[in-house]
Each structure stands twice: as structure tokens, then as C-alpha cells.
Amino acid sequence: MYFWKTKALAHELSANTLEKKHYKNYYLMTALLVSVVYYYGMYSPYFNVNVIAVEGLVTLVIMALGIQAAYRANGGDQGEHFMGRITALSFPILVQTTVAGIVFGAILLSLYFALNLEGTAFDAWYEWAISAFTVFLQILFFTRLVFYMRRVAAHTI
């Protein structure tokens, strides 16, 4: 299994050399990682209802457009192995974007405490900053997913 090397995984998918059990493992690991991120989000929820509403709506749009774009990049109705490819490629890309999110969150939290921003105007914008970065990570995730789906389908990896 590739945890980080998306290009190597894409090469195996393009060559159709990935074993069936690995597709199951990628699905399982992706489901576990999504669950961990979900429960972390429940642990540190937003308090501003406007942030929740805007991010939720934008997330749904990004997901719908991103999955449709990945489907087209895979060849649309003539494409092969869409579910296996999207599942397998999602895992290392999700690992990378999750790590980026954790690093960004740690930096933002460190700056918050280091600059003693508690009780300042930054408090009002903190959730919006996190939400904007979350949306950015979603766009980055689907952009990279579509890129690799296109290359796998074209066998140019």
C-alpha cells in the first residue's frame, strides 16, 4: 500500500497491476481516515452557525463537482475501474491533505497563543480562517484526484 506516493500508486492503477485485496485495503484505510477526521471535527466544532452553513454548502458543491470531474477524467461512461481508482487514489491524497491541515492548524494555534490573540478581533475570524483553509484543502484534494485520474486513464503515468 502506498501511504504517500500517489504517483507510484497511479502507475500501478494505470498498468492495472494492483491486486484486488489492495483495493479493499485502500477503501478500508480511506474510510478509517475519514472517520478520524470526522470525529476530530466533532471534538473541536465550530460555534458560529454561519461558518457551518457556508462551509457545509461549499463542501457539498465541491464534492459534487469534484466527483463528476474525476468521473470525466477517468473517461466518463467509457472509463474503466472508476470506483477502484478513485478509492485507491483518494487515500494517499487524503493522507497528504490531512497532514497539511494538521500542520496549518498547529501553526495557527501556535500563533494564536504566541501572539496572545485571545479576546482580540482574531477570535471572530478564527473559525472563518479554519473554514477557508478546509475549503482550500477540499479543492486541492479534488484537483489532485482529477489530475491523477486523468493520467491513469490515459496511461501517461
Side-chain angles (χ1 to χ4, degrees), residues 1-48 51-110 126-157:
M1 265 189 77
Y2 297 99
F3 285 79
W4 197 265
K5 297 180 179 183
T6 311
K7 187 174 181 177
L9 173 61
H11 179 71
E12 281 202 45
L13 289 169
S14 181
N16 203 23
T17 58
L18 197 65
E19 295 178 31
K20 287 185 180 187
K21 68 180 179 181
H22 289 130
Y23 285 106
K24 182 264 307 169
N25 292 341
Y26 280 111
Y27 183 79
L28 174 63
M29 295 303 290
T30 301
L32 292 173
L33 184 56
V34 166
S35 295
V36 166
V37 170
Y38 171 77
Y39 284 109
Y40 169 74
M42 287 178 53
Y43 173 73
S44 60
Y46 295 131
F47 296 106
N48 186 335
V51 175
I52 296 167
V54 170
E55 184 180 317
L57 182 62
V58 172
T59 294
L60 293 174
V61 170
I62 290 169
M63 287 176 70
L65 295 175
I67 291 170
Q68 186 61 33
Y71 184 73
R72 282 193 311 270
N74 190 57
D77 292 342
Q78 287 73 42
E80 298 177 356
H81 313 293
F82 173 73
M83 290 304 293
R85 288 175 176 176
I86 196 170
T87 301
L89 287 170
S90 290
F91 177 68
I93 296 170
L94 188 59
V95 167
Q96 294 162 359
T97 54
T98 300
V99 168
I102 291 168
V103 168
F104 175 77
I107 290 170
L108 193 60
L109 193 61
S110 297
Y126 182 77
E127 288 184 23
W128 286 107
I130 295 294
S131 182
F133 190 71
T134 300
V135 167
F136 169 75
L137 287 178
Q138 292 170 10
I139 292 169
L140 181 65
F141 170 83
F142 280 108
T143 301
R144 294 192 67 228
L145 181 64
V146 168
F147 171 80
Y148 280 107
M149 289 291 281
R150 185 173 291 117
R151 292 196 59 196
V152 167
H155 302 288
T156 59
I157 194 84

Item checked: More than 12 heavy atoms of other groups within 6.0 Å of Phe104 CZ ->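 More than 12 within 6.0 Å, yes.
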Note to self: Counting only heavy atoms not in His11 (residues, nucleotides, ligands), do more than 12 fall under 6.0 Å from its NE2?
What the structure shows: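 No.
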Notebook entry, point to check: Hey, does Lys5 have a side-chain heavy atom less than 4.5 Å from the side chain of Leu9?
Noted result: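 Of all side-chain heavy-atom pairs linking Lys5 with Leu9, none is under 4.5 Å.
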Check: For the atom pair CZ (Arg151) and CG (Leu13), what is the distance rounded to the nearest 0.5 Å?
Finding: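 Between Arg151 CZ and Leu13 CG, I get 13.0 Å after rounding to 0.5 Å.
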Check: Roughly how far, to the nearest 0.5 Å, is CG of Asn48 from CD of Glu127?
Finding: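 The distance works out to 5.5 Å.
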Check: What closest approach, in Å, do Ala88 and Leu18 show between heavy atoms, and which atom pair accounts for it?
Finding: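 The pair with the smallest heavy-atom distance is CB-CD2, 4.3 Å.
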Margin query: Per the ring pair (Phe, Tyr, Trp, His ring centres under 6.0 Å) rule, what does the pair list look like for residues 135-157, sequence neighbours excluded?
Written below: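 As it turns out, the ring pair (Phe, Tyr, Trp, His ring centres under 6.0 Å) pairs with a partner in residues 135-157, which skip direct neighbours, are Phe133-Phe136.
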For residues 89-100, which side-chain donor-acceptor pairs fall under 3.5 Å, sequence neighbours excluded?
| from | atom 1 | to | atom 2 | distance (Å) |
| --- | --- | --- | --- | --- |
| Ser90 | OG | Ile86 | O | 2.6 |
| Gln96 | OE1 | Arg144 | NH1 | 2.2 |
| Gln96 | OE1 | Arg144 | NH2 | 3.2 |
| Gln96 | NE2 | Trp4 | O | 2.5 |
| Gln96 | NE2 | Thr6 | OG1 | 3.2 |
| Thr97 | OG1 | Ile93 | O | 3.1 |
| Thr97 | OG1 | Leu94 | O | 3.2 |
| Thr98 | OG1 | Leu94 | O | 2.7 |

Next item on the list: Any chance you could measure Arg72, atom CZ, to Asp77, atom CG, to the nearest 0.5 Å?
Entry: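 Output value for this atom pair is 11.5 Å.
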Margin query: Given 3.5 Å as the limit, does a donor-acceptor pair link the side chain of Thr87 with the main chain of Met83, or not?
Written below: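 Present.
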Next item on the list: Answer yes or no: is there a side-chain heavy-atom contact under 4.5 Å between Phe82 and Met149?
Entry: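 SC-SC contact between Phe82 and Met149 confirmed.
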Notebook entry, point to check: Okay, side chain of Arg85, backbone of Glu80: is any donor-acceptor separation there less than 3.5 Å?
Noted result: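 Yes: the side chain of Arg85 pairs with the backbone of Glu80.
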Notebook entry, point to check: Can you tell me if Ser35 uses its side chain to pair, donor with acceptor, with the backbone of Ala31 under 3.5 Å?
Noted result: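 Yes: the side chain of Ser35 pairs with the backbone of Ala31.
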Item checked: Nearest heavy atoms of Ala153 and Ala73, plus distance in Å ->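 So the minimum-distance heavy-atom pair works out to CB-O, 3.5 Å.
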Check: In Å, rounded to the nearest 0.5 Å, how long is the span from CD1 of Ile62 to CD1 of Ile67?
Finding: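 If we round to the nearest 0.5 Å, Ile62:CD1 and Ile67:CD1 are 11.5 Å apart.
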Next item on the list: Measure the spacing between CG of Asn74 and NE2 of His81 and express it to the nearest 0.5 Å.
Entry: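 Output value for this atom pair is 9.0 Å.
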Margin query: What's the separation between atom CD in Gln68 and atom CE in Met63, rounded to the nearest 0.5 Å?
Written below: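 One finds 13.5 Å between CD of Gln68 and CE of Met63.
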Next item on the list: Write down the atom of Val146, the atom of Gly66, and the distance for their closest heavy-atom approach.
Entry: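 Minimum heavy-atom separation between Val146 and Gly66: CG2-O, 4.0 Å.
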